[in-house]
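Comments concern the structure below.
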There are 2 protein chains.
Amino acid sequence: MKRNTRLSSTLHILVHMAEKPEHALTSEQLATFIHTNPVVVRRTIAGLRDAGIVTSSRGHGGGWLLGRAPENISLAEISAALGETLLPLSTAPESPGCLVEQAVIAVLDDFRVAAEKLLAEKLSRITLADLTADFRRRYDLIGVSSHAV
Amino acid sequence: MKRNTRLSSTLHILVHMAEKPEHALTSEQLATFIHTNPVVVRRTIAGLRDAGIVTSSRGHGGGWLLGRAPENISLAEISAALGETLLPLSTAPESPGCLVEQAVIAVLDDFRVAAEKLLAEKLSRITLADLTADFRRRYDLIGVSSHAV
DNA sequence: CGATATTGTAACTAATTAAGTTACATGAAG
DNA sequence: CTTCATGTAACTTAATTAGTTACAATATCG
């Protein structure tokens, strides 16, 4: 089954941005982090700009900046801004009038709605700041072990 | 975004099978319920046979039967037997050595594992019997309203 | 035994989607 | 006014899944 890499790629980009809060990063630079094309980056994070999670500016010296402090950016918002559900479970009718299908859809739809709420709650408790903290912990560890050798 | 219809289609098929516990239904018959091809049906529910949720027999009078009572078949088992995750969230490394990516993956992977467990728990509380009960409720309602008119 | 009905599965084709690419208009800075 | 950047449309490519065809294996019935 194909897995969705967009959330993971976007978080990767955002942590890099959080690590360089002073200057805008270009789509070109962001693209190299996730080994892709600048246009793909712009397209992917366009929704984040609309949600105020990042800002973009054109022209010389332009690029992308976080729209607010990493502490105030939750993974739930990021995921929502990407415009994709985490649970791509279809509950759309395909045999209108079939009571069996109606029963299946009713039960499955209840599950889907409740599950999406649960997932959003879990993600809302993780912020971009948690990710950068985790990164710095790893970074410092490498430094220490390098000194030790 | 493309949504996965396999769980919904499979449940549709299984409820029909639960409603006719006395005789085997052929792939051909099952295929008509979900407007597809018998081979697609066989391929889709092959995993359910391996999991003991259904049984199949060849030859004249052959076809598919539930492997046990609907009360003892949970949606968690069915979903697992389909061999697809409900949360197609990639946490696979794409930039080996990048500490930012490692931090992102660590956090996201924890989330994924915990979320999958939560979803499985929710699904394990719903059985095929719940679905057939819901179907019969709808069926009886239609009957009543028909008589009323 | 031979005819018929059914699953199991491999191999191929078609349809759909997401990713990647090209091209260029728009706008900002020096 | 040149350069650098985003915004976005349009197109191409790649990957995945669904659908189809074909046929071997197997079971039943007469």
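Proteins get letters first, then strands, A, B, ... in listed order; numbering begins at 1 in each. Note that the structure is a prediction, hence the values are computed from the model and not measured.
Taking atom CZ of residue A/Arg42 and atom P of nucleotide C/dT21, one finds them 13 Å apart after rounding to whole Å. Atom-to-atom, CZ of B/Arg43 to P of D/dT21 comes out at 13 Å; the value is rounded to the nearest Å. Taking atom CG of residue B/Asn37 and atom P of nucleotide C/dT13, one finds them 16 Å apart after rounding to whole Å. Rounded to a whole Å, the CD atom of B/Glu28 is 15 Å from the P atom of C/dG8. D/dT6 atom C1' lies 13 Å from atom CE of A/Met17, rounded to whole Å. One atom, CG of A/Asn4, and another, P of C/dA18, lie 9 Å apart when rounded to the nearest Å. For A/Leu82 and C/dA18, the CG to P distance is 13 Å, given to the nearest whole Å. Taking atom CZ of residue B/Arg3 and atom P of nucleotide C/dT17, one finds them 13 Å apart after rounding to whole Å.
With respect to B/Arg138 and B/Asp134, a salt bridge is recorded, a charged nitrogen being found less than 4.0 Å from a carboxylate O.
Using a 4.0 Å cut-off, no side-chain N or O of B/Thr26 falls inside it from OP1 or OP2 of C/dT6.
A distance of 9.5 Å separates OG1 in B/Thr32 from CD1 in B/Ile13, rounded to the nearest 0.5 Å.
For the segment residues 51-69 of chain A, the set of residues with a heavy atom within less than 4.0 Å of an atom of DNA chain C comprises A/Arg58, A/Gly59, A/His60, in numerical order.
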Please determine whether side chain to side chain contact (heavy atoms under 4.5 Å, CB included) holds for the pair A/Lys122 and B/Leu118, giving the CA-CA distance in whole Å, both sets of side-chain angles, and the decisive distance to 0.1 Å. CA-CA 11 Å; A/Lys122 273 189 97 62; B/Leu118 269 179; 3.7 Å; yes

Worked check of side chain to side chain contact (heavy atoms under 4.5 Å, CB included) between A/Thr85 and B/Arg3: CA-CA 9 Å; A/Thr85 177; B/Arg3 286 166 172 247; 3.7 Å; yes

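Ring planes of A/His16 and A/His12: parallel class, angle under 30° (limits at 30 and 60°).
Considering only the side chain of B/Ser27, C/dT7 comes nearest among C/dT7, D/dT20, C/dT22.
Between the side chain of A/Ser79 and the backbone N or O of A/Leu75 there is no donor-acceptor pair closer than 3.5 Å.
Both A/His35 and B/Arg49 sit near DNA chain C, but only B/Arg49 has its closest nucleotide nearer the 5' end.
Looking at heavy atoms from C-beta onward, A/Leu99 lies in side-chain contact with B/Ile142 at the 4.5 angstrom threshold. Two residues are said to be in side-chain contact when any heavy atoms from C-beta on lie closer than 4.5 Å; A/Trp64 and A/Leu30 meet this criterion.
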Which pairs, protein N/O on one side and nucleotides 13-17 of chain D N/O on the other, fall under 3.5 Å?
residue: D/dT17; atom: OP1; partner: A/Lys2; partner atom: N; Å: 3.3

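Residues B/Leu86 and A/Leu87 share a closest heavy-atom pair of O-CD2, 3.6 Å.
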